[in-house]
Every structure is written in structure tokens, then in C-alpha cells.
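Working notes, beginning with the structure itself.
Here is how names work: the chains are called A, B, and so on, in the same order as the sequence lines, proteins then strands, and each is numbered from 1. These numbers come from a predicted model, not from an experiment. These numbers come from the heavy atoms of this one structure, side chains and all, not from hydrogens, waters or symmetry mates.
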Number of protein chains: 6
Amino acid sequence: MTRIDGRQAQEMRPITIDTDYLKHPEGSVLITVGETKVICTASIEERVPPFMRNSGKGWIAAEYSMLPRATEQRNIREAAKGKLSGRTMEIQRLIGRSLRSVVDLTKIGERTIWIDCDVIQADGGTRTASITGAFVAMTMAVKQYTELKKIKSWPVTDFLAAVSVGVDPEQTELLDLCYKEDAAALVDMNIVMTGKGEFVELQGTGEEASYSRAQLNRMLDLGEKGMQELFDLQRELLGTAADEIMNAKEAE
Amino acid sequence: MTRIDGRQAQEMRPITIDTDYLKHPEGSVLITVGETKVICTASIEERVPPFMRNSGKGWIAAEYSMLPRATEQRNIREAAKGKLSGRTMEIQRLIGRSLRSVVDLTKIGERTIWIDCDVIQADGGTRTASITGAFVAMTMAVKQYTELKKIKSWPVTDFLAAVSVGVDPEQTELLDLCYKEDAAALVDMNIVMTGKGEFVELQGTGEEASYSRAQLNRMLDLGEKGMQELFDLQRELLGTAADEIMNAKEAE
Amino acid sequence: MTRIDGRQAQEMRPITIDTDYLKHPEGSVLITVGETKVICTASIEERVPPFMRNSGKGWIAAEYSMLPRATEQRNIREAAKGKLSGRTMEIQRLIGRSLRSVVDLTKIGERTIWIDCDVIQADGGTRTASITGAFVAMTMAVKQYTELKKIKSWPVTDFLAAVSVGVDPEQTELLDLCYKEDAAALVDMNIVMTGKGEFVELQGTGEEASYSRAQLNRMLDLGEKGMQELFDLQRELLGTAADEIMNAKEAE
Amino acid sequence: MTRIDGRQAQEMRPITIDTDYLKHPEGSVLITVGETKVICTASIEERVPPFMRNSGKGWIAAEYSMLPRATEQRNIREAAKGKLSGRTMEIQRLIGRSLRSVVDLTKIGERTIWIDCDVIQADGGTRTASITGAFVAMTMAVKQYTELKKIKSWPVTDFLAAVSVGVDPEQTELLDLCYKEDAAALVDMNIVMTGKGEFVELQGTGEEASYSRAQLNRMLDLGEKGMQELFDLQRELLGTAADEIMNAKEAE
Amino acid sequence: MTRIDGRQAQEMRPITIDTDYLKHPEGSVLITVGETKVICTASIEERVPPFMRNSGKGWIAAEYSMLPRATEQRNIREAAKGKLSGRTMEIQRLIGRSLRSVVDLTKIGERTIWIDCDVIQADGGTRTASITGAFVAMTMAVKQYTELKKIKSWPVTDFLAAVSVGVDPEQTELLDLCYKEDAAALVDMNIVMTGKGEFVELQGTGEEASYSRAQLNRMLDLGEKGMQELFDLQRELLGTAADEIMNAKEAE
Amino acid sequence: MTRIDGRQAQEMRPITIDTDYLKHPEGSVLITVGETKVICTASIEERVPPFMRNSGKGWIAAEYSMLPRATEQRNIREAAKGKLSGRTMEIQRLIGRSLRSVVDLTKIGERTIWIDCDVIQADGGTRTASITGAFVAMTMAVKQYTELKKIKSWPVTDFLAAVSVGVDPEQTELLDLCYKEDAAALVDMNIVMTGKGEFVELQGTGEEASYSRAQLNRMLDLGEKGMQELFDLQRELLGTAADEIMNAKEAE
């Protein structure tokens, strides 16, 4: 079977990550997954939210947004509506939680790493691209602070990436769905995984449908496969920071 | 190993569902799972949201809230804060999406079934109790409308229930976590399943931790086990409506 | 004349108050007046609002809400609308002000007693039931804190209860109106009274009508009569706390 | 006993009402009661709120606000805070309800009369001054529309005015409290009355105090006395419109 | 050419400023420009906004509002809408920025001067009238604080006034536009100027039109002419405070 | 005198405009002015806002936003704060008003052209870059609709660009200020001009300072000079659309 865009079921879209994309942030990338483009930045602030004060630990907070015309139809800005949608909140919480799972918060000190994921162009998989890109931006910001001796001990304990899988209307499992596939899918699942191959998040939704445990297993197989490609790219881009992560993993 | 409240790892808490709990709603229950108590109501409105108008289909929308003192510490009301938290939005979306997966929306006509889940007392598992209870309230409301001939053809296609599973700090998988277990858990997973044993939702989060595929499989085994107890109770309470559901399943 | 529900004009509906209704709050009751059901909780917080800081005095704050389907038609949640209605604000202010009139705030120390009144089912008289029930919940919370020696000296100076009276379209004065009577009434009056028979609040509204001083007097007579029944029930439920209140009254 | 400002207990402050105060509104007055000054305007809009559509009836809606520096300390604007206070909502509802009680809404047609009461300077009694002034502004707007034949049949059925009474710390009942008296009062009561001497609203609050039925009666006596002065002034200012009201009352 | 209201193109409307208009504020005026009436008050608060704390400097903040029926059609209150319009924000920022340009903020100490401009009646030029009136109210407040020795050294360094100019549909430049002229104008320009004849703000907008540099120059000539009338009136009203300003200018 | 970044006083920063920058919008560019980068998109919607309905005319609406880390310090998102700042509203209104001045709204039919300007990186002059870039995006969207015959007659009547000028602390007039120059400037002026050299907007602010008419004239001279560079670039990029504009200008 060939997909809408000519791919095989188990094939990822082309992916690139441009690092140091912006001038001001401590870390920033433009991640491109097929036609999906997301600017991910990491900003380090010298204080933590009230609920973390005097804990000796840092925090990682994430925000996510789309440009109004990232999509085929123009969306009303959430700033204009005066509130965030449930979808945005879900995604923000997911990104922050995922990144926190691979960072030793005691090692970053009482600082907040703000992650901003702004979707410039959307074609499916914006939340998984955000996580994969944000990990790189965050790690580069951490690297800068480590080199400046503001962070004393390397805090990133593993790689982290995300990918979507799903089931199409013909009951075929697909890897890395583009927007049209996602809109038609019976099941939509996002997988966030660490470099050592463990799950951080697994969110699988039957869209007015349900799925069997056998289907779940086939989707997880696809996801694990796609993940390798993402980790290879991250390792290559991060250079010496990747070595620090490998050391941190071994030390565990 | 014995748990905080004396249960075995694979043991559910006692569960009861009081039907026809309130006077006004078309369907209403009080569901009690251990110390967790949720009032679930189903209200049928003779119109649909703007995005569904003239579609010939109905809609199911869910709202979730906690009384301020449902918890050990009093929470500030979301009405007083003027906005819903991300957590509330996530839960509301989950409940609505889950219920819609077992209802043929074309058969309910251009109506909205409003599901309200109000947590009176919280001790872990409020979202899964909400889904399990809301399914009963919704089915009883549908039954009333079917008997009144307002709904012509039975629309509920399967049973639906939810349960939580997790991994405790000693790496043991647990079924149906109470609040203290949930707060300490390394992994927290919510499973929503249909009567025929398929997943509608699977949401598993490593809380500043990650989990292997083997652990995932053991958690899913526990979840499937717990689910049977819930379906047995639903079937018993729903009486002739349960028969309608069984017929609908066979007819598929 | 017999009323909609078979009562006499000067007859109250059956009233019950279940104490220790919930697990977490310092005080909690479920008050049932006819078909009206309200959960009233009292939560003690170890700080006061900014405007009371360093005053050496405590504060009592009240919040009121209805479940969306407490009423015949489903209401939109105020949390979803993002703001409280004028009606809700009026009622919250009334409950708080009423309770503060029978508590010596200097004796509770720099603490806030949060009163939450959540209407589970509404059939008229929800604000008066809230006051009558909240007084019991508050007194039980105070009793607990007094026994724990956190509060050194008994602060509740009198009993407090509330009831509605009105004038029906045939110009008959009625005691304790149910919803249908309230909707049709020419005059609607809420009376909040102390155990020694003095007014704390009197709010009488001609609903697109007006009323004479003679009618006012007949309504007040009815209200005073109904109040006795409420004070008898409160006294019985409060046990030794009722004795403390009686002593406090005498000491004045 | 002489009061703060040299008045007797049963003495009103000097009161003036400047009519046709502004150029644009259908009716407008500046009412001055002692040092309290309120601009009251009546604006007629050719439509009704959604809940009144196709009822054949009109509506009267009131809004109330204070300039930030109407008071001794500057208040933050409600527009800047983004929400109305409970106090403002209570007062707005009170003004609207009061005016509606003396207008036959079927006679004004499907129109809304918007009442705006803006307090320019506050020294106690702003809500009662608002009602007394708004009645004049509203009646003049109605008169204009009646003369223009837009309103066919005279709709105002009686005069309407309001005054405050209270109990001072020495247990003396006072008429028409200024701000300092109000701040110190044990009891604060607002009375809204029709020209024929009936109550439309009675709101009496013990401010951390309570009051006996005897005190209530003495306050009502004071209020009835003060009311005559207000009705005399309204009658004089309204000229032929006052005659229409008198005719309407007789016709009842 | 004669204008709508009989004026010549280079003629201002009659202008009056009533000082000490209200009882509570440190400074207050009612400024009347033709049919436009604005209450301007200045309130001094003994603290500064967070971003100015510990700077040793004061701040001047301005707020602007219209009564709902200041205009021909009633406007919905911004407090009722829950947010300020873009127009209001622009005007508030303009007033504050303009006043700050003629005050030495280090000399007023860590205080905020709150300027409130409330339009009672609008007929064009409300923002320029607000600035011209607010300067007088502010200077009188400053004078009071200087006399009380709370402000040690005179901080107002020059006079400040504002006027509008424009281009009408026949390409004639006009001074001080009334509402009807403003609504029809091709160009609308607001000029804020100091007593020594320099610009503080210049905001010229082609309303779906554009204007040449020659037209700009003719408008600026008109504006400079009108400004003299405003400064003469300010000087006369401010008495000894005007002398202080003259001294401050010379001392520069 | 040489500037911070080595430029002469009358020298613009390098400027580039990448067209067709995004996949979905009808028109889109990335405009780069020195280090300032803005994505400008034009989206055409087949309806107009309520106040324009049935007018036979179209509308142009603009929105402006900055990514949180477009600036040196991270800014809180306006979507998270729940409201737009006064600065954002001012800029949005300015962009929309400016573009409408060079478009014949009757010729675009009952459509809205939504202009979105999202600042990716900020280094001064973001609002002027937004206008210059948005004009190109809008014209390309119009060109597409004209070629599709959805728009029948060419509606863009002239070129439109914007630039900032100012006065530095040494009283030198500067063209096209970068952020550091802007922050230190005594006067900050934004000029929006049409291709035929007329002003659409002129907004000049003395930042706690004032400026003479001679200074104004020197700033306008600089602005006119810089504008030529912008129009040359626009003409080159727009190709045949530029010819349409030239024809439309001649036809006037």
C-alpha cells in the first residue's frame, strides 16, 4: 500500500532541525517534519514558579501556539479570544511533562527553563515535532549554561523524542501521520520515548472507534522503529552535549 | 505485598452506583469507588453546538468539576478564578470523547447529551469513576428518550468503563490506585475500554520516570481484569437497556 | 387554602440535616428542605485575606454554586462562562455576612473559615437552606478546632437560621416557598434570624409588585414561627456545641 | 441628639434634581443629596434582550458605576479589573427591579430603557439617590416617547423613590445616612417605595449586629416620613408627566 | 467658508475650565469645549507601580472613560464587556505619556499621580480636551502637595495642552473639529504641545486618504495658533502655580 | 557620526523580503530589516465583520504578535495573560488602517483580508517592518484572487511602506532605528507613506522630551529618503502586480 504522499506505512517523513535559529534565546531550533515547521526555543529564567520556591530544584515549563495561518483555514488567535483552548493546554502540559522526565531538576538549580513551541506551518504531528525539537533547544541552552558554569553538573539524563502512529480506515497501521491521514484515522497515538527505549507518554485515542491489543502492539512496533531515526539526528546535532547525555545515562 | 488500604495489587476497591440519584436530570447516578464519590448526570438538550448544525447528528459534551473541599486541601473554585485549569479541560475532553465512541450519533438526532461529572469527594481515580458512572447515567437518559419515542432507534453500541493502573515506587504494577498511591506512583495510566475488550483511550504517563514495554503489558493485563468487574455491575444496573446494548453489538 | 404540595400556608417543608457528610472538611452537612438539597462544608484555613492581615481577627468567607442540573433546565456552569452571575454574588455575600454576625472573629484567631454551599438539587429556598445548613457545618468545624485547642475560647455567640416567606397571587402570605410558589409569588422575602429572635438580614422584593406594611407584618409573623423549627433542629444536632452557644449568649 | 452634620435623627439632607442635564440621552438628571452626586440617564433602545424577544413587552435594565475618585480613596475602575464587583451587581439589579415595578412593560413595546447611574461624588446613599433620580430620568424619557407617539399609552403607574435608614452605635434610628454614619452604623436598611406608600424593596442588614422587630418598625416609620419629601420633589419636577402618573394610579 | 456650527476654519470652540469641581480629589476640573464635557481628576497615591519601585522617581498614570450615554448612541460599558477597547487604551497611553513629558518625576518622589478623564458628554476632541484639562487638575494637585511640603521642589516644567486639526472633504484645513466634522474628515490630527511651542505628540491619520507635506504644514500652523488660546486660559486659572511653572522653565 | 552598528545617520539597515514563505496563506512573506524578522501573511475570508455586512464592501483587519523570545528578555504570551496589551492594540489598529488607505474596499467585494504579522525576532522597527511586509503579502493575495477572477477589478491603488525616524540623545536625527537606538531616543516617529509620497500616518512621540518644528522637518526629510528604498524593493518583488498598481494610480 502506498500512502497519500507516496510513503510506505512504516516510513517517516523527511526531518531536519536547524539549530541556533534565533538570536536571543539560549537555545533555539526550527524543526521541519515533512511540511510541518515548528520554532522551538529554550529560555532560562533565574527563578522558579511559586510552588517550587525554596525547593532547591528547577522547573521546566512549556508553551505551545500556532500562527493563525499555520493551517489551511485561518484560526482565531487565542490571545484575541482571551483564553487557551483545551487542546493547547493539553499539548503544553504534555511537552513540559515529557522534558521534565529526562532532566534532573535538582541539578539545574532554582531556575525555570521556558520552552516555547510556535508552529509556523502545520501538516500533522505538530506536538510530536515540538517535543523532538524542544529537546534539542533545551539541551543546547543547558550546554551554554554548563559552559558558563551557571549549571555545575550535567542535568540531562537521556535523549527524548516523539512520534505519532495510527490506524487508517483500511485498518492499516501507519507511522508519522500527515494532516490528511490524521483527519481520517480511526486511531491516533502519540508516543514519547527516551533514548533507552522506554515510554514517557503513551496517548492513544480511538476517534469514534476502538482498537484491539494486537493493533496496539503493531503501532508500538512502528513507533519504536521511527524513534531510532529521531535519536540518530539528535545525537548528531548535539555533538559534545550528546556525549554528556551518554555519560549521564551510564552513570545512572 | 499488601497495599496502603490492605488490598492486593490486582484488587479493585469496592464500587457502588446509585441510579436515579437526582430528581431533574434525564439520567443521574452517584458512583462510589472506595472513598471517591462522583455525581454523574445526563441532560438531553434539543439542539446541537454550532459546528454540528444541520448535520443530522447529535453530540455528547462533558463537563467535570470538583467541589472545593472534595480534596484534603480546599481548592479555589474555577468559577471564582474565571477559567478552567488545563487538568479540568483534559478530563472533560476525555470523558466526552470516550462516550461518543460507543454512541451512534446519527441515531440520537440533532440533540446534545450533556454529561456533568461533579466530584463530591476525591480519593484518586475521579476521571475513571466519572466515565464509568457517566456511561450509566447517559444510557438511562437514552432509555427514557427511547421509551418516549423521541429517539427512534437504540444508539448505544457497547458498554464503556474506565480504570486506572500504575507502577508503585517498588516497581510493582497496581490496579485502581487511591490518592496516596497515585501521588507516589512512578507511572500513572488510565484505560478506557469497550465491553468487547477494545481500547478507546490509553493514557500512560511516566511521572518524572519512564516505563518499559514489559511493564506496559503487565499494566494492561491488570486493567483488563478490573474492567470485567465494572462491566458486570453496569450490566446488572441497566437491565433491559443492557439487553439493547447487547443486541446493538451483535447487529454490528 | 391548600398549597401546591398540600401544605398549609404557615407550614414548613420537612427538613433534615445529615452531619459529617464528607470525609475531608472540618465540618460538613447535607441539608434537605423538601426537594431542595445542599451540601454545606466548612474549611478552616490558617490565614486571612489581605485586608484582614495583622488585625488579630479571623474571617468567614462563603461561596455558593449549583450543579448544572440541580434545576429543571440545565444551567451553564459559571466556571465555563468565566464569571459569576450577579445572583451568585448576592447569595455568597449574604451567607458570609449572616454567619459573621454570630461569630466573635477575634476569638477564632487569624484564620479563615471557608463556607461552601453547593446545591445538588434545587426546589426553592436554596439560599435560606444554605445559611441554615452552613451554620451547623461551621459550628462543628469550630467545635473540632476548640477541642484541638487551636481555638482557645468559644466564638459562636448565637444560633442562626434562615427561611423564606412570600405573598402568592391570591394575596395570601406563605411560609417556606417551593420553586413553583416562588416563581409565581408577588413578593419574595428572605429572613435571617438569630436564636434570640433578632433580624440579621431582611430582604423583601416585590416582583413587579409592591406590598403594604400590613403584609410585611404578616410575613414576619410567619417567618418567626418557621424559625423555631429550625433552631430546635440545630440545637438537637449540635449537642454540646449547642450548650457552648447557650453559655456564650448568657455571658453577653 | 445632633448628628455629625448637625441634622436631627429624622431629618433628610438637602436634595436637588437638575433635569435635562445632558444633551444626548432621552432623559437625564443630576441628583444631589447632601454631598452625594449622581448622573442618571435613561436611553431608549428599539430592541429587547434575547430572553424578552417576541414577548410583546419591553424591558428596563440598569447599570451603576462610580468614578474612581468619587470616594475619599481612589478606587480601581471595574473596566480595568475586567469584572464587576458583587456590590455593583447587587445595586444594578436593585435599580432595575425597582423601576420595573412601576412600569407596565407591555405598554412600552419591544424596547429597552437603559438606566445609567454614574456616581460623580459619593457621601453615602448612592444607591437610593440613584433610584430616586433614575425614576425622574426614566419618566422624562417616557414622556418624550409618548409625545412622539412612539409609546401609545402611558406606562408609568406610580412614583418611586428610595431612602436609607439605620441604627447608630448608640442604638438611635437615623434617616438618610451620610458616609461616616453609614460606616459606623449597626444596621443599614434601604427602602424603596411607591407613591402609594407600598414597599418595592426592603433590604436591612445587621452589620455584625442584629436588630429587633421594634427597631425595624421605628426605622420604617422614619423611612416613610423621608419618602414624602422625595415624592413632593418628583411631582413638582415632572409637571404634566406627574399628572399622567396620577391618572394611571387612579385608573388601576 | 463657514463651518457646521458657524465658525471660521481657524476658530476654536468656546472653552471653559471649572476648577475644584469635586470634593475628594487632590485636583479636579470640568473642562467644556463646545459641547464636549470632561471631568478630569488628579489623585496622588503614596506608592508607585512595581516597575518603578526603588527608583526614587514617581509616576503618572492616566485612565479615560466615557459615560455610556456621552454619545448620541449609547455605548456598552467597558466594565460590562470586561475589557478595554483599543481606542481607550490608545487614549490612556497618550494622556499619561503627554503629562509625564512636562513633569520632573524625580521631584514628585515615589508617588503615583493618577489622572482620571471621564467624558460626560462627547462632541469631538475628547482626548485633546482630556489632556488640556488634566494638566490643570494635575498642576493643582501638585500645588497642594507642594504647599503641604510633601513635594519639596516644584516638578512641573512647562504648560501642556492639546488640540485637534484636520482636513475636510473640500480639502480645507480646520482647527478644533466637532464630532460631525471629525466623522467626515479626510485627515484627523492630534497635536500635544508644551508652553514653549514644542511637540510632545503628533498623531496624524489619513482616514482612507493621505495628505501631502504642504497640508501637514498648514495643519501645524492652525494647531500652533489654537494652542495659544489654551495656554492663556491655563495660565490665568493656575495663578501662583503658573508662576512656578514659568520659573521652572527659566531655570532649565 | 557613526551609529552603534556602523551606519550613517541617514542610512537604512539591509532589508530583504522572502515571498511565498508559507504554504497555506494566500500571500505570505518573511521580511528582514537588519536583525528584525517578521512573518506577514494575508488570508482572504469570504465574509466581513458584522458592522460591514450588506455594505457591498470588503474589510482589511490586522493582527500583530511577538513570539515570547523574539526579544532579549522573554515576554509573557498575551494568550496566557488572557488579554492584549495596549501596545499590541495600537499596532494592530495602525497596520489595518494603513493598508485600508491604499485599497478600494468596494472592489474586493464582501470579503475580509486578514493580515497577520508575527515577529520572530525583534531589533527595533517591528511595526514599520510589519506594514512594509504586509503590503507585499496582501498584494500577492489580491493578485491570486484577481487571477482566479474572484476579484474582478484591481483594488490596490498605490504602494505603501513605513519607516521609523528619531532624535538621538545628541540631538541628531536618525533614520531606521535599531532597538538600542530606539530605547535611548528622545523622539520616536513612525511614518507610513504611499508611493506617491503622501502621508497615511505620522506618529511622533517625545519620550519624556519634546521636539521643535525644525527637528520635525529634518525627520520627515530622512523618512522620505528611506521610503524610496522600500518602494523600489516592493516594485521589484511584485512584478506584474506592481504594474497593476501603477495603472491604478494613473487612472485615479
So which residue, [options], ends up with the most heavy-atom pairs under 4.5 Å with chain F?
options	value
E/G86, E/S101, E/G206	E/G86
E/R100, E/R87, E/Q92	E/R87
E/V200, E/V102, E/D158, E/L84	E/V200
E/S212, E/G197, E/A209	E/S212

Worksheet item: For E/K180, does the NZ atom sit with more than 12 other heavy atoms under 6.0 Å from it, leaving out its own atoms?
Response: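 12 or below, so no.
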Check each atom of [X] against the heavy atoms of chain E and say whether the ones under 4.5 Å are side chain, backbone, both or neither.
X	result
F/L94	neither
F/E224	side chain
F/T205	both
F/N190	neither
F/R213	both
F/S85	backbone

Practice prompt. For E/T194 and E/F159, run side chain to side chain contact (heavy atoms under 4.5 Å, CB included): C-alpha distance rounded to whole Å, both residues' side-chain angles, the deciding distance at 0.1 Å, then the answer.
Written response: CA-CA 5 Å; E/T194 60; E/F159 293 90; over 6 Å; no
Worksheet entry | Stacked cation flag F/R111 on F/W59, 6.0 angstrom / 45 deg | no
Practice prompt. Would you check if F/Q203 and F/E201 make a side-chain contact, meaning some heavy-atom pair closer than 4.5 Å?
Written response: yes
Is it the case that the side chains of [Y] and [X] hold a donor-acceptor pair, with the cut-off being a distance below 3.5 Å and no angle test?
X	Y	value
F/T132	F/Q234	no
F/T71	F/Y179	no
F/E63	F/W114	no

Practice prompt. Could I get the full list of salt bridge (Lys or Arg N to Asp or Glu O under 4.0 Å) partners for E/R127, not counting sequence neighbours?
Written response: none
Fill in: Between F/E198, F/M189, F/K83, F/R97, the one whose heavy-atom pairs under 4.5 Å with chain E are most numerous
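Highest number of pairs under 4.5 Å: F/E198.
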Discussion item. Out of F/E207, F/R93, F/E208, return the one with the most heavy atom pairs under 4.5 angstrom to chain E.
Written reply: F/R93
